[in-house]
Amino acid sequence: MRTWCGSLNLSYRGKDVLLKGWVQRVRDLGSLVFADIRDRTGLVQVVGGRELARLRPEWVVEVRGTVREREAKNPNLPTGDVEVEVKEIRVLNPSRTPPFPISDEIEVSEEVRLRFRYIDLRRPKMQRNLLLRHRMSMAVRKFLDSQGFVEIETPILTRSTPEGARDFLVPSRNYPGRFYALPQSPQLFKQILMISGFERYFQFARCFRDEDLRADRQPEFTQIDLEMSFVEEEDVMRVAEGLMREAFSVAGIELEPPFPVMSYREAMERYGTDSPDLRIPYEIKDLSGFGPGGNRIVGQALEAGGRLLGMKVPGGLSRREIETLEERVKSAGAKGLLWMKRSEKGFSGSLRGEEAWRERIAEALSLGEGDLALFMAGIGVEKFMGFLRQAVAELKKIELEGFKALWIVDFPLFERDEEGRLASNHHPFTSPKEEDLSILEEEPLKVRARAYDLVLNGVEIGGGSIRIHRSQVQRRVLRLLGVEESKFSFLLKALDYGAPPHGGIAFGFDRMVMMAAGEESIRDVIAFPKTTSALCLFTGAPSGVAPEQLEELKIKIIS
RNA sequence: GGGGUCGUAGCUCAACCCGGUUAGAGCGCUGGCCUGUCACGCCAGAGGUCGCGGGUUCAAAUCCCGUCGGCCCCGCCA
C-alpha cells in the first residue's frame with residue numbers, strides 16, 4: 001500500500017511505508033544522504049547512505065522505509081517532524097535534467113513554461129490552481145444539480161452563424177466546400193432545450209472564438225452555461241448568485257448575495273465603463289453644465305456635442321505622474337488630458353479658464369487643497385475616463401482587496417456599429433423590455449434589453465438575458481438587424497411550437513478560477529493554453545497537414 | 001489590423017545607449033570531499049549559432065532593415 005508523501009507525520013512513527021514519487025532534491029553529506037521525495041500531496045525527506053547519492057532531480061522512484069522522528073526538525077515543511085529511513089529504493093525511471101526546478105520561487109519565462117508544460121504543471125502553484133479549478137467545478141455541478149438543473153451536452157461541430165465573433169471552421173469531407181463551425185456558445189441549442197421541456201439545463205461548455213487574445217482571453221475557453229424556463233430576470237440572478245457563492249467559497253472567498261444592481265447608464269456615468277471595479281474610490285463627474293468657461297478646448301468639445309468630464313484625485317499627483325497618465329490614455333486612443341490642482345495659492349494646471357468657472361468646477365468635485373482633478377473633453381470620452389480611473393488607481397497603488405460583485409442591467413438592446421448599422425449589444429435573441437416593444441422600430445436605440453451582466457472586481461464574469469420566446473418579436477429584431485430570417489429559420493420555427501418564456505446566463509469559468517486563485521492570467525488556470533498569438537507551444541498547433549488530407553477535403557492553399 | 005516591450009549559457013539576467021582584447025554573474029549541471037542537511041557547505045570543471053536573415057563598417061551581441069517567437073495594450077471579442 002502506497003502512502004502519500006504529504007500525509008506523513010508523527011502518528012506514523014515506527015511504521016513501514018511505501019512512497020512513490022519524484023526526487024525533488026538530494027543533499028549528499030558523504031556517508032549520510034538526504035533526498036526529498038515529492039508526490040501530488042507534498043514533500044517528505046528520506047535519509048540513507050550512498051545508495052541515495054546517485055539520485056537526480058525528477059527521477060521517478062519507489063522508496064520503502066521506516067518513518068522516524070527527526071533529530072533536526074524542519075518547521076517550514078508540513079512533514080518536517082519526520083523522515084523516512086530508507087530500506088530499499090528503486091528507480092522506476094530516470095529523468096533528464098529539467099529545464100527549470102519544480103518550485104514556485106523560481107521565475108521562468110512563460111515561453112519556456114509552455115514549451116515544457118508537463119514540468120511547469122508539477123510546480124505547486126499550478127497543481128494548486130488546477131485542483132482549485134476542479135473543486136470549483138464540482139461545487140458548481142453539485143449546486144446546479146441541487147437546484148434541479150440537468151447537464152446536457154450540445155454539439156461541437158455545428159453551424160456557422162454570421163453574427164458575432166469569427167468562427168473556427170472545420171471542413172466537411174462528405175460535403176466538399178461546406179464547413180462546420182465550432183460553437184462560440186451553445187446559445188441556440190440551450191434555447192431549443194427549453195422548448196424541448198427540460199426547464200433547467202446547464203453545461204460546462206467549451207466555446208471557441210477566432211479573435212485576438214489577451215491575458216484574460218483564449219481562443220477556446222470554458223463557460224458555465226445555463227438556461228431556465230418560466231423565469232424572469234430575478235430568478236436567473238438568484239440562481240447565478242448562489243452559483244457564485246458556492247464556487248468561490250471553496251477558495252475561501254465569501255461572496256454575499258444578493259449583489260447590488262446598477263443600470264448601464266449609471267455605470268457609464270459614474271465609472272466610464274460597463275464593468276466597473278467598485279473597489280476603486282474615484283468617480284467621474286459630468287461638468288458640461290458649467291459651459292466652456294473661456295477654455296478653448298472645452299468650448300470646441302461642447303460645441304461639437306461632446307462633454308467635459310472630470311475626476312478628483314485626492315492628494316494629487318506629481319507632474320511626472322500626470323505626464324505618464326497622459327501618455328497612457330493617449331496610447332489607449334484619447335486625445336489628451338487636462339488637469340487642475342488646488343493649492344493654498346489657488347488653482348494651477350492645464351485647465352485654464354475663467355476663475356469663477358474653475359471655482360464652480362472645483363466645488364462640484366469638492367476639490368480641497370492638495371487635491372488634483374483630471375479632465376477630458378470631447379465626444380465619447382467616457383470610456384477613456386474609465387480607463388484613466390483604472391490607471392490612476394494603479395499609479396496611486398490603491399490597495400484593491402476583497403471581492404465586490406455587482407449586476408449591470410438595463411443595457412440598450414442595440415448599438416450602432418462602425419458602418420452606422422444597428423447591431424445587437426448582447427445577441428439577437430435577447431428580449432427587449434416589454435414596455436419598449438412599441439418603440440422598437442421607431443427608436444431602436446432607446447429600447448432596453450432584458451439583459452444582465454455580472455461584474456466582479458471590474459471583470460465581466462457572466463452575462464445573460466431573458467430571451468425572445470415569440471417568433472413574431474424575434475422576426476422584428478432580426479429585421480432591424482438586417483439579418484435574413486432564413487439563417488435562423490430553425491429557431492423561428494421552433495419558437496412556434498410551444499416555446500416557454502425562458503432565460504439564462506453564462507459564466508466565464510476560466511476567469512472565475514483565475515480570480516479565485518488570485519492569478520493575473522487565464523493561462524495559469526488552464527492546463528494547456530495557447531500563446532497570445534494562438535499557438536500551442538507544446539504540440540506546435542496549428543500545423544500544416546498532408547497533401548492527401550487536403551485532397552480529400554478538396555481544399556487548395558492559395559497563398 | 002495597430003502600438004509597446006522583450007529575445008545573450010539548461011534557467012534568470014549583465015554587457016547594447018556611446019561598435020574595438022578571450023561575452024560575464026548567480027542558480028543549475030558534471031567530478032571530488034564531507035554523518036544531521038533541508039536554497040547543505042567547500043574545491044575543481046564543463047557549458048554560448050548573442051532568436052534567424054540581410055545590410056553598414058577595417059571591425060557588429062552592440063548601429064540599420066527585414067523576419068520569427070514570448071508578454072502587455074488598442075481595435076476586435078453577437
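Looking at heavy-atom distances under 4.0 Å, Phe100(A) makes no contact with the nucleic acid at all. Using a 4.0 Å heavy-atom distance criterion, Ala72(A) is classed as a base contact. Gln45(A) comes within 4.0 angstrom of a nucleotide base, judged by non-hydrogen atoms across all strands. Using a 4.0 Å heavy-atom criterion, one finds that Glu107(A) contacts the sugar-phosphate atoms exclusively. Backbone-only contact: Pro57(A) has heavy atoms under 4.0 Å from sugar-phosphate atoms and none from a base. Here Pro99(A) lies in heavy-atom contact (under 4.0 Å) with sugar-phosphate atoms only. Using a 4.0 Å heavy-atom cutoff across all strands shown, Arg68(A) reaches at least one base atom of the nucleic acid. Looking at heavy-atom distances under 4.0 Å, Ser103(A) makes no contact with the nucleic acid at all. Contact annotation for Thr532(A): base contact, defined as any heavy-atom pair under 4.0 Å involving a base atom. Note on Arg115(A): nothing from the nucleic acid sits closer than 4.0 angstrom, heavy atoms only. At a threshold of 4.0 angstrom between heavy atoms, the contacts of Gln390(A) with the nucleic acid are absent. Leu213(A) comes within contact range of no nucleotide atom at all, as no heavy-atom separation falls under 4.0 Å. Note on Lys330(A): nothing from the nucleic acid sits closer than 4.0 angstrom, heavy atoms only.
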Table of protein N/O atoms under 3.5 Å from nucleotides 39-47 of chain B N/O atoms:
unit_1 : atom_1 : unit_2   : atom_2 : d
C40(B) : OP1    : Arg25(A) : NE     : 3.1
C40(B) : OP2    : Arg25(A) : NE     : 3.3
C40(B) : OP2    : Arg27(A) : NH1    : 3.4
C40(B) : N4     : Asp28(A) : O      : 2.3

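OP1 and OP2 of G70(B) both lie 4.0 Å or more from every side-chain N or O belonging to Lys530(A). Residue Thr531(A) places at least one side-chain N or O closer than 4.0 Å to OP1 or OP2 of G70(B). The phosphate of C71(B) has OP1 or OP2 within less than 4.0 Å of a side-chain N or O from Arg523(A). Remark: Ser109(A) is in phosphate contact with U12(B), judged by side-chain N or O atoms under 4.0 Å from OP1 or OP2. OP1 or OP2 of U30(B) lies within a sub-4.0 Å distance of a side-chain N or O belonging to Arg56(A). In this model, the phosphate group of U35(B) is not approached by any side-chain N or O of Arg50(A) to a distance below 4.0 Å at OP1 or OP2.
Using modelled atom types and a 3.5 Å distance limit, the side chains of Ser185(A) and Gln223(A) yield no donor-acceptor pair. A donor-acceptor contact closer than 3.5 angstrom links the side chains of Asp225(A) and Tyr201(A). The closest side-chain donor-acceptor pair between Asp510(A) and Gln218(A), if any, does not fall under 3.5 angstrom. For the residue pair Gln390(A)/Glu394(A), the side-chain donor-acceptor check at 3.5 Å is not satisfied.
On a pure distance criterion of 3.5 Å, no polar donor-acceptor pair joins the side chain of Glu211(A) and the base of G75(B). Judged by distance alone, with hydrogens and angles left aside, Arg96(A) brings no side-chain donor or acceptor close enough to the base of C29(B) to form a pair under 3.5 Å. Residue side chain Arg214(A) reaches the base of G75(B) through a donor-acceptor N/O pair under 3.5 Å, judged by distance alone.
The backbone N or O of Arg166(A) sits nowhere less than 3.5 Å from a side-chain atom of Asp210(A) that would complete a donor-acceptor pair. Under the 3.5 Å distance criterion, the side-chain polar atoms of Tyr452(A) are matched with a main-chain donor or acceptor of Ser465(A). Looking at Arg40(A), its side chain never comes within 3.5 Å of a backbone N or O of Gln127(A) through a donor-acceptor pair. Using a distance-only test at 3.5 Å, with no hydrogens or angles considered, a donor-acceptor pair links the side chain of Asp277(A) to the main chain of Arg279(A). Judged purely by atom type and a 3.5 angstrom limit, Arg50(A) uses its side chain to pair as donor or acceptor with the backbone of Gly30(A). Here the side chain of Arg511(A) pairs a donor or acceptor atom with the backbone of Glu460(A) at under 3.5 angstrom. Checked by atom type and distance alone, the side chain of Gln24(A) pairs as donor or acceptor with a backbone atom of Ile102(A) at under 3.5 Å.
Of the residues in residues 447-460 of chain A, none has a non-hydrogen atom less than 4.0 angstrom from any atom of RNA chain B.
The aromatic rings of Phe204(A) and Phe202(A) sit perpendicular to each other, their planes meeting at more than 60°, with 30° as the lower class boundary. In this structure, His427(A) and Phe429(A) have tilted ring planes: the angle between them lies in the 30° to 60° band. Under the 30°/60° scheme for interplanar angles, the aromatic rings of Phe538(A) and Phe528(A) are found to lie parallel.
Distances from the side chain of Thr97(A) to the nucleotides G28(B), C71(B), C11(B) place G28(B) closest. Closest contact between the side chain of Glu111(A) and the listed nucleotides G69(B), C76(B), U37(B) involves G69(B).
The separation of A60(B) from C65(B), taken at their C1' atoms, amounts to 15 Å, rounded to a whole angstrom. For the P atom pair drawn from C43(B) and U5(B), the interatomic distance equals 43 Å after rounding to whole Å. Spacing between C16(B) and G20(B) at atom P, rounded to whole Å, works out to 8 Å. Rounded to the nearest Å, the gap between the P atom of G7(B) and that of A61(B) is 16 Å. Rounded to a whole angstrom, the distance from the C1' atom of G48(B) to that of C13(B) is 15 Å. For the P atoms, the distance linking C6(B) with G10(B) amounts to 22 Å, nearest Å.
At whole-Å resolution of the value, CG in Asp212(A) and C1' in C72(B) are 13 Å apart. Between the CD atom of Glu71(A) and the C1' atom of C38(B) there is a distance of 14 Å, rounded to whole Å. Rounding to whole angstrom units, CD of residue Glu415(A) and P of C77(B) are separated by 9 Å. Going from atom CD1 of Ile106(A) over to atom P of C13(B) covers 12 Å, rounded to whole Å. Whole-Å rounding puts the Phe116(A) CZ to G28(B) P distance at 19 Å. The nearest whole Å value for the distance from the CD atom in Glu58(A) to the P atom in G28(B) is 14 Å. Following rounding to the nearest Å, Asp120(A) (CG) and G70(B) (P) show an atom-to-atom distance of 16 Å. The nearest whole Å value for the distance from the CD atom in Gln184(A) to the P atom in C77(B) is 10 Å.
In this entry G41(B) has C33(B) as its Watson-Crick or G-U wobble partner, both defining distances falling under 3.5 Å. The partner of C58(B) is G20(B), by the rule that a Watson-Crick or G-U pair needs both atom distances under 3.5 Å. Taking a pair to require two hydrogen-bonding distances under 3.5 Å in either a Watson-Crick or a G-U wobble arrangement, C11(B) pairs with G26(B).
Take the nearest nucleotide of RNA chain B for Arg209(A) and for Phe387(A): the residue whose nucleotide is more 5' is Phe387(A). Toward the 5' end of RNA chain B, the nearer of the two residues Ser31(A) and Pro98(A), judged by each one's closest nucleotide, is Pro98(A).
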